[in-house]
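Heads up: the structure comes next, in structure tokens.
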Amino acid sequence: MSLKQILLLIAALIFLKISYSQNKTDSLKSLWENTNNADSTRFKAINTYYKTQTHAQPDTVLILTHYHYKLAEGKDLKQEMMNALNERSYAYYLKGDTKKSMAALNQTVAICKTLDMPNFLATLYGNMGSIYGEEQKYQEAVQYFNKTLQIFKEQYIPKGEARMLNNLGLIYYKLDSYDLALSYFNESIAIYESMGLTNKTGTTIADIGAVYYKQGKYNEAVDKGHKALNILQDINDKFSMADCYYMLAQSHLKLNQKEKAEHYIDQSLEIDNAIKNNSKIVERLTFKATLLYDTDLNLATKKAEAVLKLVKEDTENELKVKLYNFLYKCYKAQNKYDLSLAMHEKREVYNDSLKIEKDKMVIIKDAVQKEYDNKLFETQLENERIQAELKNRQLKNTLVIVLIAALLILGILLYFRSVIKKNRKKRTLLLEEIEDLKNNSSSNLVVDSNKFELVREKIEGSINRKLNETDWKVLNILLDQPEITNKEIAEKAFMSVDGIGSSLRRMYDYFNVKHSKYKKISLLTDAIKRSNS
């Protein structure tokens, strides 16, 4: 396939994607404009539109938020009123207008406080933190982010937790605490990935790329930038894509890949011009002008002069210093000394302001770092407290288990002691019964007044069967020693233990001896009774 065919194919795919997106947008618009539709359907269409268009077309979204708010206000639906105001705040934030963004957010908070919605209020506080961060009020930003993060952790809202971790990472990135920033970014990505929300990781991956750029790891920055773009393009997050393109342009320039730098800065500017974030346009046009310095000085100067017209009073001092410094360099190279001197003076004015800001930033950085250290210390103390409580709980559980086990063992011992005592008593009674039966015998076959003898004929008659010699011998041995063991019987009868066991089992059956702990004594007792009958 030729290069021309490839380009045509790419153009066709882009056209199809744009057509699909436009059709989807028109479809949503027809839903919210149709007054015959249910309110829930109309509001759902508006909120769905925000998800894909706020990052790409904040101006269009701003118009829609006014429509959305009036529609919700007319129906007294406070949740939808808050949605409209919150989206308006975000659209202004994307455009770099932090004052209007905060104003809309304060309206949202005012409504939210009249309702019982602590989690949504926490989200709004997190958004406030982002605005403070954009205004370089980093201490306030960190406080709001930490406050919101704690609520999300307590309520187990992992998506919100991941977002706040990313926001904290951005603050530490802006304060040049790169290792700490990476720690927060990676923690945020881990939570998103554990939830299967890889589509939420694009911005964070791009932020990691920005950290690598600051650390001079340009190849790693490019790698992260491309990985982030693959995700951001799928969700149409044009605001983050513009930042990512700019980071790629800077990285490629550092790698002496000027053509790629030009390509990516053009990609960024295409989005920046659509979003109309003036500060970002000034920043990126200045960068583009610097790319022309070595090849076309006159054009580079004209481009920078055009950027000069875009500079406003609230444009960041750092951007002004970069622009004035570049124009000073251009005019000096062209021997335009009056103009170069004018740019030098302006640069120094804002450079002084910038130095003051940087000095303040050092103080803020120390304060934020101290707050982080205190937070870390508090977390360690809390973890130690939790561990101590856990150990105490485990110790208590162990003591309870030991106590229960001791009581159980004691109960078992007492039970067996009771059983043994009961069995001994039963055995004693059986032996006493045997003695009574012997003493009260009416048998005429007693040859010794001190010795009782069994009457074989009576016994055999009562059980209706003849006893063999072994069985008879065993019975007589038992008569002399009722508590004798099978082994001792076997020794006296000159037989095996198995043979004695077999004989006893046979007689238990003959005499119908039921299960008992003292079967041999019961057998003898029954034999004596039958002999006496």
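For reference, positions follow the sequence shown, starting with 1.
Smallest separation of non-hydrogen atoms from G202 and A228: O-CB, 3.3 Å. A289 approaches A300 most closely through the heavy-atom pair O-CB, 3.5 Å. Annotation for F120 and C112: closest pair CD2-SG, 3.7 Å, computed over non-hydrogen atoms. Of all the heavy atoms in A304 and L327, the pair that sits closest is CB-CD2, 3.4 Å. Listed here is the closest heavy atom pair of L299 and D296: N-OD1, 3.1 Å. Considering all non-hydrogen atoms of both residues, S279 and L319 come closest at O-CD1, 3.4 Å.
With salt bridges taken as basic N to acidic carboxylate O contacts below 4.0 Å, none links K224 and D207. Contact check on E134 versus K174 returns a salt bridge, with a Lys/Arg side-chain nitrogen under 4.0 Å from an Asp/Glu carboxylate oxygen. Ion pairing between D272 and K280 fails under the 4.0 Å rule for side-chain N and carboxylate O.
Judged purely by distance below 3.5 Å, without hydrogens or angles, the side chains of Y178 and D176 pair a donor atom with an acceptor atom. Between the side chains of E316 and Y350, no donor-acceptor pair of N or O atoms lies under 3.5 Å. Using modelled atom types and a 3.5 Å distance limit, the side chains of Q139 and Q143 yield no donor-acceptor pair. Judged purely by distance below 3.5 Å, without hydrogens or angles, the side chains of T65 and E87 never pair a donor atom with an acceptor atom. With 3.5 Å as the limit, one finds a donor-acceptor pair spanning the side chains of N166 and T204. Donor-acceptor pairing under 3.5 Å is lacking for the side chains of Q150 and N146.
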TODO: Determine, stepwise, if the pair D314 / K99 fulfils salt bridge (charged side-chain N to carboxylate O under 4.0 Å, His left out).
DONE: CA-CA 11 Å; D314 60 353; K99 289 182 180 179; over 6 Å; no

- [ ] Test side chain to side chain contact (heavy atoms under 4.5 Å, CB included) on E262 and K288 and set out the steps.
- [x] CA-CA 7 Å; E262 290 173 349; K288 185 173 181 180; over 6 Å; no

Open item on the list: Applying side chain to side chain contact (heavy atoms under 4.5 Å, CB included) to T52 and I235, what does each step give before you reach the verdict?
Closed with: CA-CA 7 Å; T52 58; I235 60 173; over 6 Å; no

Task: CA sep, side-chain torsions, deciding dist, call: D243, R284, salt bridge (charged side-chain N to carboxylate O under 4.0 Å, His left out) - done: CA-CA 10 Å; D243 286 343; R284 280 132 206 204; 2.7 Å; yes

Open item on the list: Pair I63, V61 - check side chain to side chain contact (heavy atoms under 4.5 Å, CB included), show working.
Closed with: CA-CA 5 Å; I63 296 169; V61 165; over 6 Å; no

TODO: Report the C-alpha separation of I189 and E193 in whole Å, then their side-chain angles, then the decisive distance to 0.1 Å, and conclude whether the side chain to side chain contact (heavy atoms under 4.5 Å, CB included) test is met.
DONE: CA-CA 6 Å; I189 288 173; E193 288 181 343; 3.6 Å; yes

TODO: Check the pair Q107 / Y69 against side-chain hydrogen bond (donor to acceptor under 3.5 Å, both in side chains), numbers first and verdict last.
DONE: CA-CA 12 Å; Q107 281 184 271; Y69 183 84; 4.9 Å; no

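Between R347 and K320, the closest side-chain pair of non-hydrogen atoms is not below 4.5 Å. Between N127 and N86, some side-chain heavy-atom pair lies under the 4.5 Å cut-off. At least one side-chain heavy atom of L248 sits under 4.5 Å from a side-chain heavy atom of L229. The shortest distance between side-chain heavy atoms of F239 and D237 falls below 4.5 Å. Put simply, the side chain of I271 reaches to within 4.5 Å of the side chain of Y245, judged on heavy atoms. In this structure the side chain of V349 never reaches within 4.5 angstrom of the side chain of E345, judged on heavy atoms. The shortest distance between side-chain heavy atoms of L94 and S101 does not fall below 4.5 Å. By the 4.5 Å heavy-atom criterion applied to side chains, F152 and R163 are counted as neighbours.
Within the 6.0 Å centre-distance limit, the rings of H344 and Y328 are counted as a close aromatic pair. A ring-centre distance under 6.0 Å is not found for W32 and F43. If you look at Y138 and Y132, their ring centroids are not closer than 6.0 Å. Aromatic rings from Y218 and H252 are positioned such that their centres are separated by 6.0 Å or more.
Going from atom NZ of K329 over to atom CG of L297 covers 9.5 Å, rounded to the nearest 0.5 Å. Atoms NZ and CG, from K78 and L85 in turn, are 12.5 Å apart once rounded to the nearest 0.5 Å. I111 contributes atom CD1, which lies 12.5 Å from atom NZ of K113 (distance to the nearest 0.5 angstrom).
Annotation for D116: atom CG does not count as buried by contact number, only 12 or fewer foreign heavy atoms lying within 6.0 Å. K51 NZ: 12 or fewer foreign heavy atoms inside a 6.0 Å radius. For CD of E259, the number of neighbouring non-hydrogen atoms (other residues, nucleotides, ligands) closer than 6.0 Å is 12 at most. Within a 6.0 Å sphere centred on NZ of K95, other residues, nucleotides and ligands contribute more than 12 heavy atoms. A 6.0 Å sphere centred on CD of Q215 holds more than 12 heavy atoms belonging to other residues, nucleotides or ligands.
Ring pair Y246/F287 is perpendicular by interplanar angle, where above 60° counts as perpendicular and below 30° as parallel.
Residue R42 forms a side-chain contact (heavy atoms from CB on, under 4.5 Å) with just one option from N34, N37, N36, N47, and that option is N37.
Without hydrogens or angle criteria, S188 side chain to A162 main chain gives a donor-acceptor distance under 3.5 Å. Between the T315 side chain and the V311 main chain, no donor and acceptor come within less than 3.5 Å of each other. Between the side chain of T148 and the main chain of Y144, a donor-acceptor pair closer than 3.5 Å is present.
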